[in-house]
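Basis for what follows: all heavy atoms, side chains included, without hydrogens, waters or symmetry-related copies.
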Amino acid sequence: MNNRFTYRRRKKRKKKILIGTLSLLLLVLWGGSYLGFQVYDTAKESFSELKRDNDMSELRNKKVDIGNEPISILLLGIEDYSSDGKGGRADTQIVLTLDPMSKKVTMISIPRDTKVQVPVEKVGSEYAGTHKINAAYTYGYLTNYGAKKLAVETVEDLLDIPIDKYVAVDFEGFHDIVDAIGGVEVDVKYPFWEKNYYSNDRIYFDEGITEMNGEEALAFVRMRKRDVNTVYSREERQRQFIKSTVDEVKSGDTIFEINKISEVLKNNVETNFKPSEMFALQQEFPSLSSTAIQTKKIEGTTPKVPGPSYFIPDLNELEFLKKELKDLLKLT
C-alpha cells in the first residue's frame, strides 16, 4: 500500500475551490472584479459556437434572454483517450437549469448508456439508428455534423426541452483543473476502489471525508464496474462531486489560483457562452450553495439481454420529468 496511487486518504479540512465539469460555469457564477476579467479572457479563448440557426435551439420560439429568463446548460465530460484526442464519447452528461428570478438551480445526470435514436438526416445511413447516448458525440464528429451539436440535440430529443448552452471538458482538462486548485474534498458514502486512469494501479476510497487530487477525482467520478455502483452510482457520485464543488466555490483562497486555473480552462474547455452572457449570469448568481441546487435523475432499468446493454428510461417517469423541466424553464 506504499504506492503513490494506492493509499487511503485521511480526513482533511481545507477551504479550496474545485471546478471539474462545472469549471467554466463556476467561474462565471463567482464574483470579483479581477476574477471577472479572468473569466472574460478565458471565455474568449474557450468560445465555440454550435452553428444553429439564429444561434438558438429549434425548440425555442425566440432567443432566451440570459440573465433575465431561465436557461438550460448541458455539461459534457469527454472521454477521448482511446481516440487520441479526436472525437471520443460524452461519457458524462449533466443538464442544469438556472432561473435568475427564483435563483433555483436543478441538476439532472443522464446515464451514459441511455438508449436513443440518432436520425439518418443528421448522420447518414451508416451511423443512424439505435445507440447509447454517449455515442452521439462520436457520430457527430465522424460525420462532420458537429460532435457537440449532435450531443446537445440528442439530449433535447430525450428530454423535450431546449438546451441553450453547453460546457465541455475532456478528462485531461478535468485532471489538470483539480490539480491546479490543489484538490477537493468529497464525503465518500461507500468504500470502493478504481483503477487509475493513467495506470493499472488501484486507487482506494474509504468512507468519509476524502481529499482528492486530479487522478483520484477522475477515478471517483468514472467508476461504474464495481459492485458498489449499484448502490452508489456513477451519476450520484458526479452529482455529489459537483455539489461539493459549489460549496467550496465561496473560498477566498481561490483568487490566488485564478491565473493557473484560467490557463487550464483555455486549453481544455469549450463553450458557446459569450463573455457578455457570462457576466449577465454573474450578476444574477453572485454566489451559489449546494442547498440551492435540486438534483433529479432519470428513472429506468438496464435489462440483461444479448447484445449491447442499454439503460431504458421509465416512460411514465420520463414524461413527468419532462413536464417538471418545462415548468422550470417556463415553457408551459
Side-chain angles (χ1 to χ4, degrees), residues 21 50 52 56-61 64 70-79 87-98 105-124 127-143 145-168 224 233-236 238-239 242 271-272 294-303 305 307-332:
T21 328
L50 290 180
R52 301 189 289 189
M56 69 179 191
S57 168
E58 291 183 355
L59 298 180
R60 289 279 189 192
N61 294 322
V64 65
I71 67 166
S72 61
I73 304 165
L74 177 62
L75 308 178
L76 296 168
I78 310 303
E79 185 172 305
R89 302 184 305 271
D91 271 1
T92 298
Q93 298 189 48
I94 296 173
V95 175
L96 293 177
T97 68
L98 296 89
V105 179
T106 62
M107 178 167 59
I108 304 97
S109 49
I110 301 174
R112 66 193 290 277
D113 295 333
T114 301
K115 187 176 183 179
V116 296
Q117 296 296 319
V118 178
V120 65
E121 61 268 22
K122 294 182 179 181
V123 297
Y127 298 112
T130 301
H131 296 289
K132 297 180 179 181
I133 198 167
N134 67 338
Y137 186 93
T138 307
Y139 296 130
Y141 171 82
L142 292 174
T143 59
Y145 184 82
K148 296 176 289 292
K149 183 179 180 182
L150 187 58
V152 164
E153 291 177 352
T154 305
V155 171
E156 288 183 328
D157 291 341
L158 175 69
L159 298 178
D160 196 27
I161 61 168
I163 297 297
D164 301 305
K165 299 294 175 180
Y166 80 89
V167 179
R224 65 187 180 90
S233 71
R234 176 184 175 127
E235 289 76 29
E236 180 182 356
Q238 290 172 353
R239 293 193 299 268
I242 290 174
T271 180
N272 61 339
Q294 185 178 19
T295 61
K296 300 179 181 295
K297 68 176 186 176
I298 299 176
E299 301 288 351
T301 58
T302 304
V305 295
S309 178
Y310 293 106
F311 174 83
I312 310 298
D314 181 296
L315 295 182
N316 290 331
E317 293 293 332
L318 184 59
E319 287 303 314
F320 183 74
L321 178 60
K322 290 178 183 180
K323 184 180 184 307
E324 278 192 300
L325 293 174
K326 289 178 180 178
D327 289 341
L328 289 167
L329 293 172
K330 295 181 169 57
L331 297 173
T332 56

Considering non-hydrogen atoms only, spot the tightest contact between [X] and [Y] and give its length.
{"X": "T154", "Y": "V116", "result": "CG2-CG2, 3.9 Å"}
{"X": "K122", "Y": "Y145", "result": "O-CD1, 3.3 Å"}
{"X": "Y137", "Y": "K148", "result": "CE1-CG, 3.7 Å"}
{"X": "L150", "Y": "G140", "result": "CD2-N, 3.4 Å"}
{"X": "A128", "Y": "V123", "result": "N-CG2, 3.6 Å"}
{"X": "P303", "Y": "I312", "result": "CD-CG1, 3.8 Å"}

Report the distance from atom [atom1] of [X] to atom [atom2] of [Y], rounding to the nearest 0.5 Å.
{"X": "E299", "Y": "F320", "atom1": "CD", "atom2": "CZ", "value": "11.0 Å"}
{"X": "I73", "Y": "Y166", "atom1": "CD1", "atom2": "OH", "value": "12.5 Å"}
{"X": "T106", "Y": "L328", "atom1": "OG1", "atom2": "CG", "value": "5.0 Å"}
{"X": "K297", "Y": "E317", "atom1": "NZ", "atom2": "CD", "value": "10.5 Å"}

If you define the side chain from C-beta out and look only at heavy atoms, does anything of [X] sit under 4.5 Å from [Y]?
{"X": "R112", "Y": "T92", "answer": "no"}
{"X": "M107", "Y": "K296", "answer": "no"}
{"X": "V155", "Y": "I133", "answer": "yes"}
{"X": "I110", "Y": "V95", "answer": "yes"}
{"X": "R60", "Y": "L331", "answer": "yes"}
{"X": "Q294", "Y": "V105", "answer": "no"}
{"X": "D91", "Y": "R234", "answer": "yes"}
{"X": "S57", "Y": "R52", "answer": "yes"}

* Asked: How would you list, by chain and number, every residue that makes a side-chain hydrogen bond (donor to acceptor under 3.5 Å, both in side chains) with K132, sequence neighbours excluded?
  -> none
When you measure from the side chain of [X] to the backbone N and O of [Y], does any donor-acceptor pair fall under 3.5 Å?
{"X": "K115", "Y": "F311", "answer": "no"}
{"X": "Q93", "Y": "L76", "answer": "no"}
{"X": "D164", "Y": "S72", "answer": "yes"}

* Salt bridge or not for E236 and R239, using N-O below 4.0 Å? -> no
* To do: Show your working on side chain to side chain contact (heavy atoms under 4.5 Å, CB included) between T130 and Q117 and close with a plain yes or no.
  => CA-CA 5 Å; T130 301; Q117 296 296 319; 2.6 Å; yes
* Given the rule in the side chain to side chain contact (heavy atoms under 4.5 Å, CB included) test, do D327 and K323 qualify, once you have shown the distances and angles that lead to the verdict? -> CA-CA 6 Å; D327 289 341; K323 184 180 184 307; 3.1 Å; yes
* Check ring pair (Phe, Tyr, Trp, His ring centres under 6.0 Å) between Y127 and all other residues, then give those that pass, not counting sequence neighbours. => Y139
* Can you tell me if CD on E121 sees more than 12 non-hydrogen neighbours from other groups inside 6.0 Å? -> yes
